[in-house]
Amino acid sequence: MCGIVGYVGKRPIVNTLLNGLKRLEYRGYDSAGIAILKESQIKVIKRTGKVDALREAVDKVSFSQNENELSIGIAHTRWATHGAPTEKNAHPHLDEKGNFALVHNGIIENYASLKEHLIGKGHKFVSETDTEVIVHLISELYEGDFLKAVAASLKQLSGTYGIAVISKAHPDTIIAARKGSPIIIGVGNDEMIVASDVSALISYTRKVIYLDDGDIAVLRAEEVDIRNIDIIPVTRELAHIDWDANAAEKGGYEHFMIKEIFEQPEAITNGTRGRLNFEDGSSVLSGLGYSSRELASISNVIIAACGTSYNAGLVGEYYFEDIADLPTEVAQAAEFRYRNPIIRPDTLVLAISQSGETADTLAAVREGKNKGAVVAGICNIVGSTIARETGVGVYLHAGPEIGVASTKAFTCQVIVLLMMALKLGRAKRFSRQRGIEIIEEIIKTPDIVREVLKRAKDIQKIAKKYAKAENAFYIGRGYLYPVALEGALKLKEISYIHAEGYHAAELKHGPIALLEERVPVIALANDIPGKDKMISNIQECKARKSPIIATATEGDTEIASMVNDVIWIPKCSQFIAPIPTVVALQLFSYYVAKERGCSIDQPRNLAKSVTVE
Ligand code: M6R
């Protein structure tokens with residue numbers, strides 16, 4: 001999510017680090033910082049905002065560097081998870097004696113208990129981040145051996161990390177390590193560059209080493225020494241990168257959208273990490289901030305959102321009704337304040353917004369607050385306006401979404417809504433056993449999505465076949481009805497094909513008049529409640545000569561025999577089915593748009609964040 005760069009060699013350190021950060025800026029941009037080790041001092045400069053703001057601040061300080069002098073430093077651009085995007089929370093973080101500086105990507109789940117332990121030992125913390133505990137831990141465990149102190153600290157962490165650390169006492173060494181968050185080492189001639197992403201190092205070297213989870217790398221200008229967590233040497237291959245800088249930013253993918261579609265298993269893992277409680281069959285959503293008693297007293301929910309977030313809200317409506325027993329309404333955020341919604345003091349107004357900046361959703365938050373509702377948010381961007389104004393809520397932890405078409409935000413919103421319904425349901429009548437069953441399914445979801453992604457080529461073939469259509473319908477029932485809406489939205493926004501999503505039963509109340517052989521129907525016919533009726537709806541469409549593309553549960557020969565093309569979805573319950581099914585539809589839209597030569601990441605007339613009414 002955030003970006004890391006570190007360098008040891010003889011290049012001008014400031015420019016090397018800042019140029020690397022600039023290439024990583026697309027990953028996170030709420031604050032940035034550098035730490036440079038010179039003459040036994042670590043100099044840190046941080047700024048909120050973009051890398052240019054940091055460059056301006058750094059330009060005012062003189063970092064003299066003689067030719068051929070060894071230079072060493074680390075830098076970071078942040079996408080906030082723990083703590084608001086402020087200068088104090090920006091990386092690098094120092095231990096209190098200023099002996100070590102560290103940058104970190106990932107989430108440390110047990111940071112609260114470690115922090116308490118370190119405070120007990122006299123450490124003073126200055127930030128709200130989970131990261132700061134790592135550098136304090138290293139300083140606490142340091143007895144003269146840098147590597148040993150880092151390894152011993154990492155052993156105490158649970159969660160994920162990609163880190164780079166420097167030490168005053170070891171002015172020629174960077175230590176980098178990885179568990180769950182990528183770290184790559186660029187091997188140059190008498191120089192090493194470490195980064196979280198190849199795009200930051202590609203202009204310096206094309207020889208790289210990818211660290212594996214559990215690896216710790218000790219970098220000096222002329223050598224890299226890789227160990228495991230027990231400090232036993234391990235061998236990693238040297239790879240050659242032949243992407244250009246642009247492709248590197250997209251991780252080798254052609255567009256951000258397809259990269260983000262493929263990131264979904266990891267995004268879901270990040271969004272659920274540390275939030276599932278097997279013991280209670282419930283979820284741990286500390287940002288919600290309400291006690292079980294307060295949650296149990298909520299009488300109804302109004303979800304306010306726009307676009308894709310609205311469609312995720314519609315899935316949430318099913319969850320809240322089925323799991324939490326709560327009457328739920330999904331409101332177009334744009335209309336919310338112009339209606340007279342019935343809001344009681346025990347009504348939960350839940351605003352969903354990836355960006356956290358959508359003007360209409362923000363207005364709904366303010367309206368909910370004015371009317372005395374309990375207000376909460378589901379946002380991706382930490383510290384965004386909606387996140388701040390709601391004050392309580394749940395972050396997606398999906399990582400930055402650059403493509404205008406929302407993909408991983410939708411699946412993470414759905415999974416957060418499921419966890420939220422579980423928490424509200426467990427505060428009321430939903431049994432522990434059923435809660436455990438849902439948790440087991442949530443845990444399997446990333447793998448289910450991976451299975452769909454493996455079929456991308458099959459979906460591409462189907463997409464090619466229908467890429468010339470000018471109209472299309474998506475139909476679904478039950479939990480797949482909102483997915484039909486989202487599938488149609490995705491297709492129209494990036495391929496400019498006119499597509500409509502309908503409840504399968506609604507089709508015959510008007511839109512069926514438009515069906516004919518040039519109008520494909522995408523029927524969501526997975527084997528979940530509603531499938532039997534969907535079979536009749538498919539027949540109705542076939543009778544009007546529309547070609548049918550169905551999503552169906554693996555091995556469902558009944559559906560396969562009645563449609564033109566099938567996109568197979570692994571077996572899963574109705575609670576999870578929206579997620580793999582929408583991933584298949586995202587791929588379908590992407591490949592149709594690609595075939596039509598559309599501008600996929602920046603479709604015409606659209607903006608990533610709609611901050612006007
Ligand atoms: O940032 P938000 O989730 O509030 O944005 C809402 C919509 O503008 C957004 O979902 C839009 O519909 C996307 N382009 C859909 O892909």
Side-chain angles (χ1 to χ4, degrees), residues 79 255-261 263-264 267 271 303-316 330-336 349-366 368 375-390 393-417 474 482-497 499-501 578 582-583 585-590 592-593 598-613:
W79 169 267
H255 298 98
F256 281 112
M257 181 182 178
I258 190 74
K259 172 173 179 272
E260 287 157 11
I261 290 174
E263 277 170 359
Q264 287 176 104
I303 296 174
C306 302
T308 287
S309 298
Y310 174 86
N311 294 337
L314 290 174
V315 182
V330 188
Q332 301 277 5
E335 199 53 31
F336 190 71
V349 171
L350 182 59
I352 309 180
S353 173
Q354 185 284 130
S355 61
E357 302 296 345
T358 301
D360 285 319
T361 312
L362 179 59
V365 166
R366 291 176 179 161
V375 179
I378 296 181
C379 295
N380 194 30
I381 301 195
V382 174
S384 55
T385 312
I386 293 174
R388 280 186 280 112
E389 292 212 9
T390 51
V394 185
Y395 283 119
L396 300 183
H397 295 327
E401 195 180 64
I402 314 285
V404 164
S406 190
T407 52
K408 59 180 180 172
F410 178 85
T411 44
C412 289
Q413 285 164 343
V414 168
I415 212 90
V416 163
L417 285 160
Y474 285 70
V483 178
L485 302 191
E486 177 57 13
L489 175 63
K490 221 69 323 166
L491 188 68
K492 67 184 130 198
E493 70 178 330
I494 60 165
S495 76
Y496 316 138
I497 292 176
E500 298 294 340
V582 88
V583 172
L585 301 186
Q586 293 164 354
L587 287 168
F588 179 75
S589 304
Y590 173 80
V592 168
C598 299
S599 161
I600 292 181
D601 283 334
Q602 283 155 348
R604 72 182 179 211
N605 305 340
L606 299 182
K608 185 66 187 158
S609 173
V610 184
T611 52
V612 289
E613 287 184 28

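In listed order, ligands and their atoms are each counted from 1. Keep in mind that the numbers below use all heavy atoms, side chains included, and drop hydrogens, waters and symmetry copies. Residues take their numbers from the sequence shown, with the count starting at 1.
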To check your reading of the model: name the closest protein heavy atom to [atom], its residue, and the distance in Å.
atom                    : value
atom 5 (O) of ligand 1  : Thr358 OG1, 3.5 Å
atom 8 (O) of ligand 1  : Val610 CG2, 4.0 Å
atom 1 (O) of ligand 1  : Ser355 OG, 2.6 Å
atom 6 (C) of ligand 1  : Cys306 O, 3.3 Å
atom 16 (O) of ligand 1 : Glu493 OE2, 2.4 Å
atom 15 (C) of ligand 1 : Thr308 OG1, 3.0 Å

> Quick one: are Ile381 and Gln354 in side-chain contact, heavy atoms under 4.5 Å?
Replying inline: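 Sidechains of Gln354 and Ile381: in contact.
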
Polar contact flag for [X] and ligand 1 (N/O pairs, less than 3.5 Å):
X      : value
Val404 : yes
Ser353 : yes
Gln413 : no

> Of the non-hydrogen atoms in Leu350 and Leu417, which two are nearest, and what is the gap between them?
Replying inline: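 Closest heavy-atom pair between Leu350 and Leu417: CD2-CD2, 3.9 Å.
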
> So which heavy atom on Gly313 is nearest to which on Ile303, and how close?
Replying inline: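 It is O-CD1, 3.5 Å.
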
Hey, which atoms in ligand 1 end up nearer than 4.0 Å to a heavy atom of [X]?
X      : result
Ser309 : 2 (P), 3 (O), 10 (O)
Gln354 : 1 (O), 2 (P), 3 (O), 4 (O)
Ala405 : 16 (O)

> Going by heavy atoms, is Lys490 under 4.0 Å from ligand 1?
Replying inline: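 Lys490 counts as a contact of ligand 1 under the 4.0 Å cut-off.
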
> Is a salt bridge present between Lys408 and Glu401, judged by a nitrogen-to-oxygen distance below 4.0 Å?
Replying inline: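 Salt bridge: no.
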
Please check if the side chain of [X] supplies one atom and the backbone of [Y] the other of a donor-acceptor pair under 3.5 Å.
X      : Y      : answer
Asn380 : Pro400 : no
Tyr496 : Arg604 : yes
Thr390 : Ala387 : yes
Glu260 : Met257 : no

> For residues Glu486 and Thr308, is any side-chain donor paired with an opposing acceptor at under 3.5 Å?
Replying inline: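 Short answer, yes.
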
